[in-house]
Protein chains: 2
Amino acid sequence: MYAQGMHSSAATSDYTGYALCRGLDRRASSQVVTMASTQRLQAGQQLFGEGDRADGIYEVASGIVRLYKLLPDGRRQIIGFLSDGHLLGLAHRENYVHTAEAVTPVTLHRYSRAGFDRLLDEVPSLARRLLSATSDELRAAQDQMLLLGRKSACEKIASFLLTIASLQGEDGDADEVQVPMARCDIADYLGLTVETVSRTLAKLKQDEIIELPTPNRVALVDRDRLEDLAAGECA
Amino acid sequence: MYAQGMHSSAATSDYTGYALCRGLDRRASSQVVTMASTQRLQAGQQLFGEGDRADGIYEVASGIVRLYKLLPDGRRQIIGFLSDGHLLGLAHRENYVHTAEAVTPVTLHRYSRAGFDRLLDEVPSLARRLLSATSDELRAAQDQMLLLGRKSACEKIASFLLTIASLQGEDGDADEVQVPMARCDIADYLGLTVETVSRTLAKLKQDEIIELPTPNRVALVDRDRLEDLAAGECA
DNA sequence: ACCAAATGTGACAATCTGTGACACGCGTAA
DNA sequence: TTACGCGTGTCACAGATTGTCACATTTGGT
C-alpha cells in the first residue's frame with residue numbers, strides 16, 4: 001500500500017527532499033545529507049531485485065516506485081507503491097526480499113547499510129522515528145490484507161481510488177486524481193487481472209460514480225457512493 | 001502471518017517468558033519485568049477490539065492470539081496469528097486498528113503505553129530491537145499479500161501448513177503439525193471459505209500429500225510436493 | 001504519420017463461493 | 001457412565017465472480 005511517507009506538512013527546511021532529517025537536529029541532519037548520494041531512475045528501471053544483496057537503504061525524493069514479489073511462473077503481486085518521503089530497503093536482512101522499480105521518473109537518496117547503522121548508533125532518536133514509520137507501513141499492509149482477502153473487485157477499485165485521492169489532495173482529498181500506474185500495475189496490486197480492472201472502471205463510469213477524462217486521470221463524481229463501496233457497505 | 005517472535009533459541013535466562021528482555025542488560029531487564037503485569041485469557045476471549053483506546057502493549061508469553069479486521073457486513077480477515085515472543089499493540093496510534101482474541105488459552109505480559117514510552121527513552125537499544133521485530137512483521141505481511149493476492153486455494157493451504165510446520169519443529173521443520181485453529185480461522189486467514197479449506201485439505205489427503213489423523217493434526221507425507229505447491233511451482 | 005504498447009470489450013471457462021444436508025466428536029448433564 | 005445437544009467438519013450441487021483468450025480500439029512516442 002502506501003502509507004503516508006515520512007514527511008509532514010510542516011514548513012520547508014534546508015533539507016527538503018531528505019525526509020530522514022525530519023525531527024533531527026542540525027548536526028544530525030548534516031550527517032544524513034553528507035552520507036547520502038543521489039540516484040535517478042527512468043520509468044521502468046529497476047532499483048534492486050529480489051535476492052540482491054541488501055547493502056543500500058533508499059529514500060524516495062520524488063516520483064513513484066513499485067515494490068513487488070514474484071512467483072516462479074511469473075505471477076506478480078505488487079506490495080506497495082512508494083512516493084516521496086518513503087524509505088526502501090530498511091526491512092531487509094542480508095538480501096532484498098522484493099523488487100523495486102520506478103513507475104515514473106524517480107529521484108532517490110541512497111544510504112549505505114553500514115553508514116545507516118552507524119547513524120542509528122549516533123542518533124538514538126532516529127530508531128524511534130524509523131520504528132514509527134515502519135509501524136505505519138505495517139498498518140497499511142494489514143489494511144491491504146483485508147482488501148486482498150475479503151473485498152470484491154468493485155470494492156477494491158473504490159478503495160484504491162480513494163487511497164490515491166487522499167494522497168494527492170492538498171487538503172487530503174482530491175476530486176480528480178492522477179493515476180500514473182498502468183492497468184496491469186493496478187491489477188497486480190489489487191489481486192485482479194487487467195481485464196477486471198478495466199471492466200470495473202467501466203462499470204463505475206457507467207454508474208456515474210467516476211469519470212475517465214483520460215486513462216490516467218479519474219474524476220470522483222459520486223464520492224459518497226465510492227466511500228460506501230470502499231468500506232464494504234454495499235452489495 | 002506469523003513471523004518468528006522476538007525470541008531466539010538461546011539459553012534460558014531468569015526472564016524466560018519476557019522476550020522483550022532479550023538482549024537487554026540486567027538493569028533494563030529488571031525494569032521491564034517490574035513494569036509488566038500478567039494477564040490470562042481463555043480461548044475465544046478478546047484482548048482488545050478495533051477502535052478501543054490503544055493504552056497497552058502486550059507480549060505473548062504462551063498460547064496463540066489471532067488478530068483480525070472486520071468489514072461492516074461481518075466479513076473478517078485474520079491478519080496474523082501470534083505465538084510466544086510476539087508483541088501486540090505496538091504499531092497502533094491513539095486506537096487499536098484491529099481486534100485481538102485468544103485462539104487457545106493465553107498468557108500475556110501487559111505494559112502500559114506510557115510506561116513503554118518511558119522505557120524506550122531510558123533504553124535506547126530497545127528501539128533498535130523493536131524496529132527489527134516490526135520489520136520482521138512487515139516482511140511476513142508482505143509474504144501474506146503475495147499469498148492472498150495471487151495464490152490458488154491449494155497453494156494457500158500448502159503455504160499455511162509449511163509455515164506452521166516451520167514454527168513447531170525443534171530443528172525448524174516438523175513432519176506432523178498441530179493446527180490449533182478452527183477451519184473458519186484458517187479460511188479467514190487465507191481469504192477462503194471454510195468449505196474451500198475443507199475441500200482443499202481433502203484433496204491434499206486424497207493426493208497422498210498429507211494425512212489428517214485428527215482435524216487438528218496434519219501429517220506432512222510428501223513434503224517436497226507440498227513445498228512445490230506452496231512455492232507456486234505446479235499447475 | 002506510423003507503429004507499438006496500452007486499454008477496452010466480448011465470449012467462454014474455471015475456480016471458488018453459497019447453500020443445504022448430514023456426519024462426527026466433544027462437552028455437559030443426568 | 002451414558003445420552004443428548006451443539007459446534008465443527010465434510011460433502012454434493014448450483015451459482016457467481018473473476019480469469020482466460022482473442023480481437024478491436026485508443027493512445028502515446030518517435
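Keep in mind that this is a model prediction, so the values were computed, not measured. Sequence lines set the chain letters: A, B, ... in the order given, protein chains first and strands last, and positions in each chain run from 1.
Distance B:Lys203 NZ to D:dT10 C1': 17 Å, rounded to the nearest Å. For the pair A:Gln42 CD and D:dG29 P, the computed distance is 13 Å after rounding to whole Å. When the P atom of D:dG9 is taken as reference, atom CZ of B:Arg217 falls 16 Å away, rounded to whole Å. Rounded to an integer number of Å, the gap from CG of B:Asp188 to P of D:dT8 is 13 Å.
In summary, the side chains of A:Thr99 and A:Lys69 do not present any donor paired with an acceptor at a separation below 3.5 Å, with no hydrogens or angles considered. Residues A:Glu59 and A:Tyr111 have side chains that bring a donor and an acceptor to within less than 3.5 angstrom of each other.
Remark: A:Arg76 engages A:Asp185, A:Asp188 in a side-chain hydrogen bond (donor to acceptor under 3.5 Å, both in side chains) (not counting sequence neighbours).
A centroid separation of 6.0 Å or more is found between the aromatic rings of A:Tyr58 and A:His109.
Heavy atoms from other residues, nucleotides or ligands lying under 6.0 Å from CZ of B:Arg75 number more than 12. Summarising the local packing, CD of A:Glu211 is surrounded by 12 or fewer heavy atoms from other residues, nucleotides or ligands at distances under 6.0 Å.
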Checklist line | Letter per nucleotide, 5' to 3', of nucleotides 13-22 of chain D [B base touched, S only sugar-phosphate touched, - untouched; heavy atoms, 4.0 Å] | finding: B----SSBB-

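Bracketed by its first and final contacts, the part of DNA chain C lying under 4.0 Å from non-hydrogen atoms of chain A reaches from C:dT7 to C:dA11 in 5' to 3' order.
With rounding to the nearest 0.5 angstrom, the CD1 atom of B:Ile209 is 5.0 Å from the CG atom of B:Leu229.
Ring pair A:Phe48/A:Tyr96 is parallel by interplanar angle, where below 30° counts as parallel and above 60° as perpendicular.
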